[in-house]
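Take a look at the structure below.
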2 protein chains.
Amino acid sequence: MPAGSGATASTSPRARGESLGVLKFLAQVGADHTPVVVTSREVGAKLGVSQQAADRYLVALEKRGLLVRTLAQRRQRIQLTPAAMDLLRAEYHLYRRIFEGPARVTIEGTVVSGLGEGRYYLSQPGYVVQFSERLGYSPYPGTLNVRVDGAALRTLSVMAGWTGIRIDGFQASGRTFGGASCFAARINGRAGHLIRPDRSHYKDVVEFIASERLRDALHLKDEDPVKVDIEEP
Amino acid sequence: MPAGSGATASTSPRARGESLGVLKFLAQVGADHTPVVVTSREVGAKLGVSQQAADRYLVALEKRGLLVRTLAQRRQRIQLTPAAMDLLRAEYHLYRRIFEGPARVTIEGTVVSGLGEGRYYLSQPGYVVQFSERLGYSPYPGTLNVRVDGAALRTLSVMAGWTGIRIDGFQASGRTFGGASCFAARINGRAGHLIRPDRSHYKDVVEFIASERLRDALHLKDEDPVKVDIEEP
DNA sequence: ATTACTAATCGCCGAGTAA
DNA sequence: TTTACTCGGCGATTAGTAA
């Protein structure tokens, strides 16, 4: 039995492609950081569709929360929302990966003492089984905490867009354990993982896990400098 | 009188968006540098369309010369063509510009003597009028030639994708004068333009023009080092 | 000018199916 | 399994038009 277009969801396959085209165009003309007067005719001309179709694209994008229009008399001013910029940024990263390869981040920091809670968390069977399965090893039950300065923190911020190895949260002993993301890393050359809890309380400290106790393996003590390499997954 | 879809050209508006999606996906899975076994079902799943639609996309892209398929028995191996990579690269640059701003290139080189032909060419009225109109000044009739080494040459290669200020070719005195592209540049801080003839005979020499004689203004002689800054138009 | 609604249309889509 | 064709039909598209 023949069927019609399968585009039943709010975002149809074909509409998605055009959405990106519209957002791309708007970002190019500066709607990414300030409201810009753009007529639906201009958008249509740029995309090779009619004014009417372009207008519907704009209305749909507004409904999806990707742009805001302020209709002053007859001319609309358009500004992209952060959600739209996230979308475009994801696209940018995708292309950058194609042409530049996976991004790599290298930072330096200093070893600091944690609150000892790393040992408690990493001993939870709910985590241990996931680490074994997804990282390929059972981490030593304790994290190496590294404090980074502002510059390194900014460097690390590019990781915000990365999707690491997922460690899911779970319930045990009547309480909730949160999820986290892991990223393969080298700490002074040693293989391990940066672990980023979904809800971290640290701001300038990053945590690492490895199969061995990194402090011992690398002969580290508090305030020692360490060099960390992380590659995009 | 209402009309149907206006998508009459070989590349319909909606198909264009999907094309990019397909090429993007193929590049991600490595078809940019080696033939990759990809089924139409996989492509369809990735794009959220049926196997049939995905297959049509692939056939259309092959017809447009953007990919080559080798159908071995039942599995097709797909590789992207340079034309497709150009398309994706253009897209990449567009996004990079949105997020990183115009690219800038800084290189160093050494002053060399040209063949004196710069003076002859730059004296041609056909060029002079275009320079005045499009660069905003009449260049001193002579080019500053700068030799760059291999590393700088690679740095310059990113300019290959840039579109500069166009200088059109023309006919005069019974012969043909070729076109060129100009790029705003700073030579040791002095404003000028890098001029890139469409058909250049140099490989490791770049030419600059400015309103003044750069050799005099900067007190340069052969073999002197110069630093050049060029910003994406 | 604009934005945006309505009506009528063709083109893209996916199921079925062949090779 | 694949790739890829036919074909009925939905719906995105455009022209016309109102505001």
Side-chain angles (χ1 to χ4, degrees), chain A residues 1-22 25-26 29 31 35-64 66-79, chain B residues 1-22 25-26 29 31 35-64 66-79:
Chain A
M1 189 198 310
S5 159
T8 50
S10 59
T11 306
S12 75
R14 31 191 185 199
R16 240 206 332 244
E18 298 296 6
S19 307
L20 260 179
V22 176
F25 169 64
L26 292 173
V29 299
V36 170
V37 174
V38 187
T39 69
S40 51
R41 183 169 298 279
E42 288 168 336
V43 176
K46 178 70 180 182
L47 298 183
V49 297
S50 68
Q51 168 267 320
Q52 293 89 336
D55 183 65
R56 281 188 296 104
Y57 294 163
L58 292 175
V59 172
L61 288 171
E62 184 172 35
K63 195 179 292 180
R64 284 172 61 189
L66 294 173
L67 55 85
V68 285
R69 290 184 303 164
T70 52
L71 286 125
Q73 275 99 271
R74 291 188 165 76
R75 297 193 102 89
Q76 63 187 354
R77 291 196 306 164
I78 299 181
Q79 182 164 23
Chain B
M1 190 197 310
S5 160
T8 51
S10 60
T11 305
S12 76
R14 32 192 184 196
R16 237 204 337 241
E18 297 297 6
S19 308
L20 260 180
V22 176
F25 170 64
L26 292 173
V29 299
V36 170
V37 174
V38 187
T39 69
S40 51
R41 183 169 298 280
E42 287 169 335
V43 176
K46 177 70 181 181
L47 298 183
V49 298
S50 68
Q51 168 265 320
Q52 293 88 335
D55 184 64
R56 272 201 307 271
Y57 293 164
L58 293 176
V59 171
L61 289 171
E62 184 172 35
K63 195 179 293 181
R64 285 173 59 190
L66 294 174
L67 56 83
V68 285
R69 291 182 303 164
T70 51
L71 287 126
Q73 274 100 271
R74 289 189 166 75
R75 298 193 103 92
Q76 64 187 353
R77 290 196 306 164
I78 299 181
Q79 181 163 23

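Here is how names work: the chains are called A, B, and so on, in the same order as the sequence lines, proteins then strands, and each is numbered from 1. A quick note: this is a predicted structure, and the numbers were derived from the prediction, not measured.
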Can you tell me how far [atom2] of [N] sits from [atom1] of [X], to the nearest Å?
X: A:E18; N: D:dA12; atom1: CD; atom2: P; result: 13 Å
X: B:R41; N: D:dT1; atom1: CZ; atom2: C1'; result: 10 Å
X: B:L58; N: C:dC13; atom1: CG; atom2: C1'; result: 16 Å
X: B:K63; N: D:dT3; atom1: NZ; atom2: C1'; result: 15 Å
X: B:Y57; N: C:dG14; atom1: OH; atom2: C1'; result: 11 Å

Please enumerate all residues that pass side chain to side chain contact (heavy atoms under 4.5 Å, CB included) together with [X], with sequence neighbours excluded.
X: A:A60; value: none
X: A:V37; value: A:R75, A:R77
X: A:Q52; value: A:S50
X: B:V36; value: B:V29, B:A31, B:T34, B:V38

Inset, instruction - Quick one: list whatever passes side chain to side chain donor-acceptor pair (under 3.5 Å) with B:Q76, sequence neighbours left out. - result: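 B:Q76: side chain to side chain donor-acceptor pair (under 3.5 Å) contacts with B:R69.
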Legend entry - Touch class at under 4.0 angstrom, heavy-atom based, for B:S50 against every strand present: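 If one applies the 4.0 Å heavy-atom cut-off, B:S50 turns out to touch a base.
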Give every pair of a protein N or O atom and an N or O atom of nucleotides 4-6 of chain D that lie under 3.5 Å apart, one pair per line with the distance.
residue	atom	partner	partner atom	Å
D:dA4	OP2	B:D55	OD1	3.0
D:dA4	OP2	B:R69	NH1	2.3
D:dA4	N7	B:Q51	NE2	2.8
D:dA4	N6	B:Q51	OE1	3.0

Legend entry - Exercise: identify the closest heavy-atom pair between B:S40 and B:A54: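 Heavy atoms of B:S40 and B:A54 come nearest at O-CB, 3.2 Å.
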Legend entry - Shortest non-hydrogen contact between A:L58 and A:L67, atoms and distance: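 So the minimum-distance heavy-atom pair works out to O-CD1, 3.9 Å.
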Legend entry - Dot-bracket summary - DNA chain C, pairs being Watson-Crick or G-U whose distances fall under 3.5 Å, with | when paired to another strand: .||||||||||||||||||
Legend entry - Residue mapping more 5' on DNA chain C - nearest nucleotide basis, B:A54 or A:T39: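 Result of the comparison: A:T39.
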Legend entry - Under the salt bridge (Lys or Arg N to Asp or Glu O under 4.0 Å) test, residues paired with B:E42 that sit two or more places apart: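 In terms of salt bridge (Lys or Arg N to Asp or Glu O under 4.0 Å), with neighbours along the sequence ignored, B:E42 is linked to no residue.
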